[in-house]
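Take a look at the structure below.
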Number of protein chains: 2
Amino acid sequence: MATGRTHRPATRSRGIPEATVARLPLYLRALTALSERSVPTVSSEELAAAAGVNSAKLRKDFSYLGSYGTRGVGYDVEYLVYQISRELGLTQDWPVVIVGIGNLGAALANYGGFASRGFRVAALIDADPAMAGKPVAGIPVQHTDDLEKIIEDNGVSIGVIATPAGAAQQVCDRLVAAGVTSILNFAPTVLSVPDGVDVRKVDLSIELQILAFHEQRKAGEETAAGDGALPAAAPRGTAADDSADQGPDGDVPAVMPA
Amino acid sequence: MATGRTHRPATRSRGIPEATVARLPLYLRALTALSERSVPTVSSEELAAAAGVNSAKLRKDFSYLGSYGTRGVGYDVEYLVYQISRELGLTQDWPVVIVGIGNLGAALANYGGFASRGFRVAALIDADPAMAGKPVAGIPVQHTDDLEKIIEDNGVSIGVIATPAGAAQQVCDRLVAAGVTSILNFAPTVLSVPDGVDVRKVDLSIELQILAFHEQRKAGEETAAGDGALPAAAPRGTAADDSADQGPDGDVPAVMPA
DNA sequence: ATGTCTTTGTGAACGCGTGCACAAAGATGG
DNA sequence: CCATCTTTGTGCACGCGTTCACAAAGACAT
């Protein structure tokens, strides 16, 4: 019934649009900076500039949370920081596990941005027995075998996957089975999860590819404009490209023709 | 299909929606996997499932690139891989510099996903003199002083910023001045750049906060709709726990109402 | 050839997000 | 207390992206 497609109950709980939720952390950061400088109030214009968004958009975003501003004055910084923090759930403690302590996982464990906002790295987990017990960022790495127990003992509901792509789905399944309902995925794979589990993915390679697309378009604009067929060619005019590039790495882009 | 027509003059490569561009790398990854398994063709349904998207969306996305499918059969995997690669600009070499070789920068330098798709780490740059010459991922770290020269000598147009927040804008300015026109920013700051420069940001902390929001909502659904409640409060943040230098934006944890 | 079956490509409707523009609300000064 | 000024909060319109649904296109069998 209800032919396919995962049902999406999400996002419309309190009526806060997903796009707004995604911007709240941005506002919060800007507000925190103001708070540290003991700035008492800000206008939507100022705050919007600091957050890099449109002021009308910001006001509309805040209107979803309630009327926390004062007309003619602006927003009380401290109060707004509190309201947004509460809305995002940052007034409570969120134990997090990081699975896959390679280069990236270790970097994440050391990343200050996590700990600084209510997120606590409860455990580091890796499949390599040689890693077990070894401290990373002051936390001893534990073996994957104990994953379920770790999740349960710490009441973890948020998991970070930083494993190789091949292991990601399996790890994901175990996390979910153990009770994790939110996953931040750094592995370059599409994870499939049951309803009720949120997945956000961060894919470094994809971001670069998107940049490359725009970069190519920019480079192509200078050369020619209207050719009917394949634009191809794409002579990237930038210097130091045609001459000495062959030596250093001998690594060619991995693509093949038809 | 080589025989002339069948071509829509309508929206050429100039008119590819941003949302579509953002999905092309996803398709490409799925197609590459199929290619490695020597699968000759795929239907939009199959490919969409592998990429985790709707099949109608996928077909529409591909329609912006041209008519590369065969009705009744599907898409030729190899051909499509080539077309998407070309569209994304991955058939050429993209030298990239990474600035800020801390935990994250080092992880990025080691990240296989970069090199595997036409991106070549041309240089690693850090402001710490002690890092200079030290090899990371087989590449010797160079000092920030030489940034401009490095950009120029290597014809770099894409830069990755993995510095602390405080240094990001300054590094950004120098990159742009030196000729970089695309920036991937990992620092938790809003970068301001002149027109013509693309910036994409990856913010680990923001992703977690978004997850926390949904997580809180899920948890709140079961119990009463009670708001606030400030659980256990007592944010531990004051312990100055930030790991040395990587401090993202160093902000205080909690807050209080007015 | 002809008919059937599969799958693409796309017109059209719909919903979400964005930005404009302005009235309402409150501060401030006389 | 009233006038003026500032800034919020929001109704409205517009454009983009998503999804549906179906005709057209081609493969394949007879």
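A quick note: this is a predicted structure, and the numbers were derived from the prediction, not measured. Chain A is the first sequence line, chain B the second, and so forth, proteins listed ahead of strands; every chain is numbered from 1. FYI, side chains are in, hydrogens and waters are out, and symmetry mates aren't considered; it's all heavy atoms of this structure.
Of the candidate nucleotides C:dT10, D:dG17, D:dG9, D:dG17 has the atom nearest to the side chain of B:Pro17. Closest approach to the B:Ala19 side chain among D:dG17, C:dT18, D:dG9 is made by D:dG17 (side chain taken as heavy atoms from C-beta onward). Distances were taken from every side-chain heavy atom of B:Thr70 (C-beta onward) to each of D:dA21, C:dA27, D:dG26; the shortest belongs to D:dG26. Counting only heavy atoms from C-beta on, A:Lys57 has its side chain closest to C:dG19 among C:dG26, C:dG9, C:dG19. Of the candidates C:dG26, C:dT18, D:dT18, the closest approach to any side-chain atom of A:Arg23 belongs to C:dT18. Proximity note for A:Asn54 (side chain, C-beta onward) versus D:dA27, C:dT8, C:dG19: the nearest is C:dG19.
Remark: P of C:dC16 and OH of A:Tyr64 are 10 Å apart, rounded to the nearest angstrom. At whole-Å resolution of the value, CG in B:Leu58 and C1' in C:dT7 are 12 Å apart. Rounded to an integer number of Å, the gap from CZ of B:Arg59 to P of C:dG11 is 14 Å. For A:Glu46 and D:dT8, the CD to P distance is 9 Å, given to the nearest whole Å. In this structure, CG of B:Leu24 is placed 15 Å from C1' of D:dG17, rounded to the nearest angstrom. Here C:dC16 presents its P atom at 22 Å from CD of B:Glu18, a figure rounded to the nearest Å. Per the geometry, CD belonging to B:Gln83 stands 17 Å off P belonging to C:dT8, to the nearest Å. In this structure, CG of A:Asp61 is placed 12 Å from C1' of C:dG19, rounded to the nearest angstrom.
Residues A:Ser205 and A:Gln209 bring a donor and an acceptor atom of their side chains to less than 3.5 Å of each other. With 3.5 Å as the limit, one finds no donor-acceptor pair spanning the side chains of A:Asp198 and A:Ser182.
Judged by distance alone, with hydrogens and angles left aside, the side-chain atoms of A:Glu45 form no donor-acceptor pair with the main-chain N or O of A:Ser55 at under 3.5 Å. A donor-acceptor pair under 3.5 Å is absent between the side-chain atoms of B:Ser35 and the main chain of B:Leu31, judged by distance alone.
For C:dG9, its base never sits under 3.5 Å from the side chain of B:Lys60 at any donor and acceptor pair. You'll find a donor-acceptor pair under 3.5 Å spanning the side chain of B:Arg71 and the base of C:dT8, going by distance alone.
Side-chain N/O atoms of A:Ser44 include one lying less than 4.0 angstrom from OP1 or OP2 on D:dT8.
Across all strands, A:Tyr75 comes closer than 4.0 Å only to sugar-phosphate atoms, never to a base (heavy-atom distances).
Centroid-to-centroid, the aromatic rings of A:Phe62 and A:Tyr68 stay 6.0 Å apart or farther.
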